[in-house]
Structures are given as C-alpha cells and as structure tokens.
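Throughout, a chain's letter reflects where its sequence line sits, starting with A, and its residues are numbered from 1.
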Protein chains: 2
Amino acid sequence: MRVSLKDVAERAGVSIKTVSNVVNNYQHVTPGMRARVQAAIDELGYRPNMTARHLRKGRTGILALAVPELGNPYFAELAGAVIDVAAEHDLTVLLDHTGGEREREVLVSQGFRAGVIDGLILSPLELEVEDLRGREDDVPLVLLGEREYDLPYDHIAIDNVAAARTAVRHLLGRGRTHIAYLGARTDSANRPAHLRLAGWRAELTEAGVPAPDSLIGPTGGWDRGDGAEAMARMLDAGVRPDAVFAYNDLVAIGAMRVLHERGLRVPWDVAVVGFDDIAEGRFGAVSLTTVSPDKRSIARLAVESLLRTLENRAEEPEGRELVAEFRLVERESTLGRR
Amino acid sequence: MRVSLKDVAERAGVSIKTVSNVVNNYQHVTPGMRARVQAAIDELGYRPNMTARHLRKGRTGILALAVPELGNPYFAELAGAVIDVAAEHDLTVLLDHTGGEREREVLVSQGFRAGVIDGLILSPLELEVEDLRGREDDVPLVLLGEREYDLPYDHIAIDNVAAARTAVRHLLGRGRTHIAYLGARTDSANRPAHLRLAGWRAELTEAGVPAPDSLIGPTGGWDRGDGAEAMARMLDAGVRPDAVFAYNDLVAIGAMRVLHERGLRVPWDVAVVGFDDIAEGRFGAVSLTTVSPDKRSIARLAVESLLRTLENRAEEPEGRELVAEFRLVERESTLGRR
DNA sequence: GCCGCTCCTTCCAACGTTGTACAGACTGAT
DNA sequence: ATCAGTCTGTACAACGTTGGAAGGAGCGGC
C-alpha cells in the first residue's frame with residue numbers, strides 16, 4: 001500500500017496537517033518539528049498523492065494537446081515544444097491525435113478527459129465554427145490556427161496569407177513564372193490550406209502573373225503520398241510548372257520525389273518551396289526551402305494563454321488572436337538556375 | 001461552478017448514490033427512475049469529475065510514455081501507436097521526452113507525476129541497470145529495449161542482433177563486401193547500438209568477410225546530422241565502403257545526403273540499409289531499405305503488459321522479455337547493381 | 001504567580017465520487 | 001393474511017489532501 005500523510009503523521013507522532021504543512025513549506029513550522037517530520041517522510045518514502053491534491057485544489061497541472069497526426073513531423077515537433085514549455089510551468093501534457101477527423105475533433109473539444117485536464121490546446125483541421133458554438137465544457141481552450149468569427153477562444157497562428165505570399169514572392173524573385181500550388185482541397189474546412197491558396201493567388205495577381213486553375217493541384221490529404229499523387233496528376237495533364245509552392249513540407253517532399261522520377265531536376269527545372277520547416281526537409285538529396293513558423297513561440301503562446309485564462313477565471317475569455325512569427329528559410333530547392 | 005452529483009440529486013429529488021448508480025449503469029434501477037435522473041443530468045449538463053472518481057478508485061486511466069525525443073519520427077510514430085492502443089483500453093497517454101539524458105531518464109523512472117499515472121512505458125537510452133535497482137516508486141513500469149540482468153520489469157523489444165544480421169545478410173546477398181556500420185558510440189549505454197554493431201560483426205565474421213574497425217563509424221548522437229558527419233569522416237579517411245548499415249533511418253538519411261554530395265550514387269556505388277522504417281525513408285529521392293520493427297505490436301505489448309501488471313498487483317512482476325517481430329523492407333537503396 | 005500575547009499545532013470539514021450495509025416496498029407463495 | 005424473498009433506493013464512510021478555526025504551549029511583564 002502506498003504511504004499517505006496519515007502514515008507519516010503516525011510515525012512522526014504529529015497530526016496529519018502538520019505533515020502537510022511541512023510538505024507544503026508552510027512558514028510557521030519550527031525547525032525541530034520540520035526535521036522530525038522530514039525524517040519520517042524520508043524513512044517511509046512518502047510521496048504526495050497528486051490525485052487527492054487535485055481534487056482538493058481543483059487543478060491537476062495537466063494540459064491536453066490534440067493534434068491531427070503525430071506521424072506528421074510538424075505536429076511531433078510542435079508537441080515536443082509544448083511539452084518543454086509546459087514543463088517550465090510545472091505542467092504535464094496529455095496527448096491525443098484526432099486523425100484530422102471532424103468527429104473526433106468535436107469529441108475532443110467537447111470534453112476530453114473532463115475533470116482531468118486544466119486546459120486544452122486543439123489543432124483542428126476539419127472542425128467547423130458551429131461545432132464550437134454551443135460548447136458546454138468549461139475547460140479553457142485555445143485553438144491553433146487563425147481566428148474565425150467571434151468565438152471567445154484565443155487563437156494562435158502565423159499569418160498564413162502573408163507567409164504564402166512571401167514564399168511565392170521568393171519564387172517570382174528567382175525568375176519563376178509558372179508557379180503551381182499543391183495542396184488545395186475544396187471539400188475540406190482546413191483553413192490554412194485555403195489561406196495559403198489565397199496568398200498564392202494574391203501574390204501572383206499583384207505581380208501580374210497568371211494564376212490559372214490548371215496550376216492548382218488538389219490533394220486528398222496532406223502527406224507525402226498526397227503530394228506525389230498531385231504532382232504526378234499535374235504532370236500527366238501536360239502542365240509543366242517551373243516552380244511549386246506546397247501546402248506543407250510533406251506535400252513538397254512527395255512532389256520532389258515525383259519530379260525526380262520524371263527526370264525533372266530540382267531546382268534547375270522546377271524550384272520547390274514547402275511550409276513547416278520540418279527537420280526532414282534539411283536532409284533530402286535536395287534540401288528544401290520552406291516557410292518556418294516559430295514553433296517554440298507558438299507553443300509558448302498557447303500554454304501561456306491557457307495559464308492566463310486559468311488565472312482570470314472570473315472574466316470572460318476574450319478570444320484574442322495571438323500571432324507568431326515566421327521566416328523563409330532558403331535552401332537548395334530554390335537555388336538560382338544554373 | 002461545475003455541476004456535481006449532489007446538484008443532480010437535488011434537482012431529481014433523489015439521493016446522490018442513486019444518481020451515481022444511473023451514471024454507472026448499475027442494474028437495479030427502475031426505468032422510470034433512470035429516465036427521471038437522466039433528465040436532470042441532461043438539463044444540468046452534468047459530467048462526472050474524473051479526479052474524484054480516480055481518488056476513490058485508485059486508478060486514473062492515464063499511462064505515461066517517456067521517449068528520448070519526439071522530433072525523432074520513430075518515437076513520434078511509436079507514440080501515435082501507443083496512444084491508439086491505449087485508447088482501445090479507455091486509457092489516455094501522458095507524454096514526456098527525456099532528451100536521451102540519463103539524469104532525466106532516472107527522474108522519470110523514479111516517479112513521474114506520482115499518483116497521477118497508472119503505469120509508465122519508458123524508452124531509455126542512457127539509463128543504467130543500477131539506476132533501476134533501488135526503484136522505490138510503485139508505479140508499474142515496462143521498458144522498451146532488450147532485457148538486461150534480473151530486473152523485475154517487462155521488456156519489449158525486437159531481436160536487435162538478429163535484425164542487424166538480417167540487414168547485413170541482405171547486403172552480402174547483393175554482392176557487397178565492404179559493409180560499414182554507422183552509429184557506434186563507445187561512451188554510450190545505448191543497448192540497441194551495441195547489439196546492432198554486434199549483429200553486424202557476427203554476420204560478417206560468419207560469412208568470412210573482414211570487419212575492420214575502419215568500417216565502424218562512430219557518431220555523437222543518432223540524428224541525421226550525426227549520420228552525415230560520420231559518413232563524411234569515413235570518406236575523408238579514405239575508406240570507401242560499397243554498403244552502409246546504419247543504426248537507424250535518420251543516420252542512414254544523413255549518410256545518403258553526404259554520399260549524394262560526394263557524387264557517390266545510391267545504390268549503384270553504395271547500398272544503404274537503415275533501421276526503424278520511418279515514413280520519411282519511403283519518399284526520399286532514393287527510398288530507403290530498412291529493418292521495420294512492428295511498432296503497432298510493440299505498442300500493444302507494452303500497454304497490455306502494464307494492464308496485466310495492474311490486474312495482478314499481488315504477485316511480483318516477472319520481468320518477462322516480450323519480443324516483437326521485425327521484417328526487412330527492401331526499397332531502392334539496395335537495388336542490385338546496374 | 002498570574003495574565004495575556006504570540007506562535008505553533010491540531011481538529012474539523014470539505015473537494016466529488018463509489019462500496020457496503022441497510023431499510024423499505026413490492027411480489028408471489030403458502 | 002402473512003411471510004420469505006427479491007428488488008430499489010438511501011445513509012454513511014472512505015479515498016488523501018488542504019484551508020480555516022480553534023486549541024494549547026511557551027514566554028515575558030507586572
């Protein structure tokens with residue numbers, strides 16, 4: 001059986017509360033008493049029962065993070081950052097993945113492990129606004145992604161349109177004029193996908209470069225295989241872009257693989273820009289130029305937003321938009337033409 | 001304030017316990033009573049307080065998984081599998097990463113979030129046997145990695161020596177005779193690294209092929225950069241292997257990157273085999289042949305081992321070795337010479 | 001030597017839940 | 001009509017902890 005305060009109290013010949021006071025560094029405890037109790041604690045190997053403490057205090061020190069897919073390195077790296085930041089605040093992280101399915105996202109948002117977690121960081125893919133409207137759960141929530149409508153939840157995001165425009169501008173600056181966008185999917189609610197497409201279109205339009213639908217490559221998902229498929233389909237249709245801007249690094253990597261198979265050289269024949277800056281992009285045969293969101297800062301903003309909400313439980317959450325930085329990392333996949 | 005059983009009981013005009021019975025689907029409740037209570041539950045939006053339930057039951061339904069690094073896709077993919085398997089058993093997963101530092105591994109093994117977790121799955125890198133000897137914590141523990149000595153904890157692993165031999169045999173079968181091993185590190189306790197090296201040596205020796213130290217490439221860690229560095233160092237030393245067996249896929253990918261830079265073609269000039277079968281290996285310019293441990297089954301064995309320990313709390317844990325399967329996945333990096 | 005003050009320790013209750021024991025009501029058989 | 005037996009719902013205690021209030025010991029001053 002586990003050692004409890006009661007056992008320590010008996011051993012030290014004091015009351016339970018006194019032991020509790022020692023454990024919690026309560027100030028009015030004489031040094032002698034403290035030493036005696038501490039000795040008993042050490043002898044018995046007492047460790048506080050967190051569950052009981054949680055029940056009493058109403059806080060558990062556990063945050064939940066729900067991402068679409070841990071197999072996606074972007075989310076794995078982000079999860080790592082969240083865990084680190086949480087640890088700085090003496091919090092631990094419960095992890096779940098939703099597979100990017102709307103149903104599971106709703107489930108998670110409605111009360112994942114209710115009563116166990118102090119707050120939830122949700123990275124939605126297919127979640128719709130109305131799914132959150134009637135949210136009953138009183139667990140503080142922050143969303144990763146750009147703010148929509150008037151939901152009273154903080155959102156953490158980078159400026160996707162600006163980031164996409166930066167990427168496309170970089171390609172234009174390299175003299176590319178047939179710039180494809182890979183990763184569109186009309187039947188998905190995925191906001192970033194839409195925003196990045198919008199950025200692609202805006203930048204091209206502003207530069208007076210045509211942005212025909214033939215240069216938009218729809219994908220079924222956003223993994224390597226989806227990128228490969230989309231790239232192949234586009235080439236098979238006779239479209240020959242001289243640059244590709246992909247929804248994310250995985251799609252870009254899939255596309256590069258197909259370009260390689262078809263004998264098109266990156267960057268000479270086709271330049272490629274990805275999005276996310278996953279470690280994988282740095283070590284391919286051709287390293288990948290990419291938009292690098294500041295993951296560390298996203299993690300920090302998310303955790304600290306939750307912490308703030310927890311402090312001011314009284315006032316309504318305000319639904320701020322917290323913006324993280326991004327930068328373009330130039331690598332081999334967009335080197336100048338030879 | 002949160003709705004509790006008491007509130008529901010008052011609303012429905014029954015006792016707290018009756019509400020509890022309804023919530024827990026206790027059988028002796030009349031349909032009428034059940035409906036009445038359920039109505040009150042719905043009206044008030046009651047949701048059980050897990051913390052209190054945990055305190056009462058002594059179980060939390062939370063497992064902890066501690067891996068060296070979530071940024072390593074192998075561990076991210078494994079974590080995903082553990083989460084899925086845990087979910088099948090109505091368990092959730094608390095995740096931590098240790099950075100592969102011995103100190104943090106010890107800390108985690110000694111009592112990570114004591115009282116909150118029902119069990120711990122630890123994937124150690126540098127942990128030494130003696131670190132676990134005097135373990136006081138009563139949280140059930142399983143270790144990922146091959147069994148050492150007489151520790152009373154279940155171990156989950158694949159047969160690393162056999163797996164390494166399979167990889168090397170594959171290369172020998174392709175006519176390679178200068179097979180390097182990348183990922184040795186003498187100052188580390190990392191067991192798999194030693195076992196894979198042993199397998200490499202054993203297979204070569206048995207085949208009557210020399211296994212000189214010059215073909216052993218030490219690394220500082222086991223990431224892509226470490227593989228690149230080790231490969232470069234070996235080539236700079238004038239050693240020209242015709243095949244490389246790497247500690248893991250990341251090291252292999254780093255090595256391939258350097259081979260590519262040096263104009264050595266994979267697989268024509270140098271064949272490469274990795275270890276882990278991470279998704280990344282399937283989509284490089286040259287897809288990677290690799291030893292594929294059955295991650296799903298590792299996750300299942302680990303979770304179910306903990307569950308079993310939890311059931312038979314009475315009897316001592318037995319310290320079994322649970323072996324998962326592996327298979328060699330052949331891809332482009334070891335195609336026959338042209 | 002007594003009073004009052006301060007400082008430390010103890011007692012009690014509560015967090016929300018569930019297991020055990022029990023009380024009451026109803027059923028059917030005698 | 002009574003009794004045993006079954007079925008339903010209730011009361012109480014306990015899980016391990018902490019906050020608040022009350023109790024007690026020690027000390028100095030008169």
Side-chain angles (χ1 to χ4, degrees), chain A residues 1-38 40-41 44-62 111 113-118 137-139 313, chain B residues 1-41 44-62 111 113-118 138-139 313:
Chain A
M1 197 46 214
R2 222 188 136 81
V3 184
S4 77
L5 280 184
K6 196 170 137 202
D7 304 316
V8 178
E10 276 170 22
R11 172 73 158 233
V14 296
S15 82
I16 290 180
K17 189 65 208 304
T18 299
V19 181
S20 170
N21 285 340
V22 171
V23 173
N24 291 281
N25 274 317
Y26 181 67
Q27 42 180 333
H28 297 302
V29 181
T30 49
M33 176 59 79
R34 166 154 297 159
R36 196 167 109 218
V37 171
Q38 189 60 51
I41 288 177
L44 296 176
Y46 166 76
R47 332 203 52 204
N49 179 324
M50 291 298 174
T51 310
R53 186 176 283 180
H54 296 159
L55 176 59
R56 182 64 230 233
K57 295 206 159 187
R59 288 258 205 119
T60 63
I62 301 178
R113 283 273 145 185
V116 170
I117 62 173
D118 285 345
D137 201 0
D138 56 353
V139 171
R313 216 45 188 302
Chain B
M1 197 47 215
R2 220 189 138 81
V3 183
S4 78
L5 280 184
K6 197 171 137 200
D7 304 316
V8 178
E10 275 170 23
R11 171 75 157 231
V14 297
S15 80
I16 289 180
K17 190 62 211 301
T18 299
V19 182
S20 170
N21 286 340
V22 171
V23 171
N24 291 280
N25 272 318
Y26 180 67
Q27 41 180 337
H28 297 302
V29 181
T30 49
M33 177 58 81
R34 167 154 295 155
R36 196 165 111 216
V37 172
Q38 190 59 52
I41 289 176
L44 297 176
Y46 166 77
R47 330 203 53 204
N49 179 323
M50 291 296 174
T51 311
R53 186 176 283 180
H54 296 159
L55 174 59
R56 181 63 230 230
K57 294 207 157 185
R59 288 259 204 116
T60 63
I62 301 178
R113 282 271 145 185
V116 171
I117 62 173
D118 285 345
D138 56 353
V139 172
R313 216 43 187 303

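- Phosphate contact (OP1/OP2 of C/dT10, side-chain N/O of A/Thr18, threshold under 4.0 Å): present.
- Listed here is the closest heavy atom pair of A/Val3 and A/Tyr46: O-CD1, 3.5 Å.
- Rounded to whole angstrom, the span from the NE2 atom of B/His28 across to the P atom of C/dA21 amounts to 16 Å.
- Computed from coordinates, the A/Arg59 CZ to C/dG16 P distance equals 16 Å when rounded to whole Å.
- A straight line from CG of A/Leu5 to P of D/dC15 spans 13 Å, rounded to a whole angstrom.
- The shortest distance between side-chain heavy atoms of A/Asn24 and A/Arg53 falls below 4.5 Å.
- For B/Met33, whose side chain is taken as the heavy atoms from C-beta onward, the closest listed nucleotide among D/dA11, D/dG9, C/dG16 is D/dG9.
- Taking the side chain as every heavy atom from C-beta outward, B/Met33 and B/Asn21 never approach each other to under 4.5 Å.
- Side-chain contact between B/Leu55 and B/Thr51 is absent, with no heavy-atom pair separated by less than 4.5 Å.
- Within the nucleic acid shown, B/Val23 has no heavy atom closer than 4.0 Å to any nucleic acid atom.
- Within 3.5 Å, no donor on the side chain of B/Lys6 pairs with an acceptor on the base of C/dG16, nor the reverse.
- Side-chain atoms of B/Arg56 and base atoms of C/dT17 include no donor and acceptor less than 3.5 Å apart.
- When the P atom of C/dA14 is taken as reference, atom CG of B/Leu55 falls 17 Å away, rounded to whole Å.
- For the pair B/Tyr26 and B/Lys57, both in contact range of DNA chain D, the more 5′-proximal nearest nucleotide belongs to B/Tyr26.
- A straight line from OH of A/Tyr46 to C1' of D/dT18 spans 11 Å, rounded to a whole angstrom.
- A residue-by-residue look at B/Lys17 and B/Ala52 shows that B/Ala52 has its nearest nucleotide of DNA chain C further toward the 5' end.
- Of the side-chain N and O atoms in B/Thr30, one or more sit less than 4.0 angstrom from OP1 or OP2 of D/dG9.
- When the side-chain nitrogen and oxygen atoms of B/Arg53 are compared with OP1 and OP2 of C/dT18, one or more of them lie within a distance under 4.0 Å.
- If you measure from atom CG of B/Asn21 to atom P of C/dT20, you get 13 Å, rounded to the nearest angstrom.
- Distances shown here put a side-chain N or O of B/Ser15 below 4.0 Å from the OP1 or OP2 atom of D/dT10.
- As a whole-Å value, the separation of A/Met50 CE from D/dT17 P is 10 Å.
- The salt bridge (Lys or Arg N to Asp or Glu O under 4.0 Å) pairs that include a residue from residues 7-34 of chain A are A/Arg11-A/Glu43, where partners are two or more places apart or lie in different chains.
- Nucleic acid contact class of B/Ser20 (heavy atoms, under 4.0 Å, all strands): base.
- Put simply, CD1 on A/Ile16 is 19 Å from P on D/dG20, counting in whole angstrom units.
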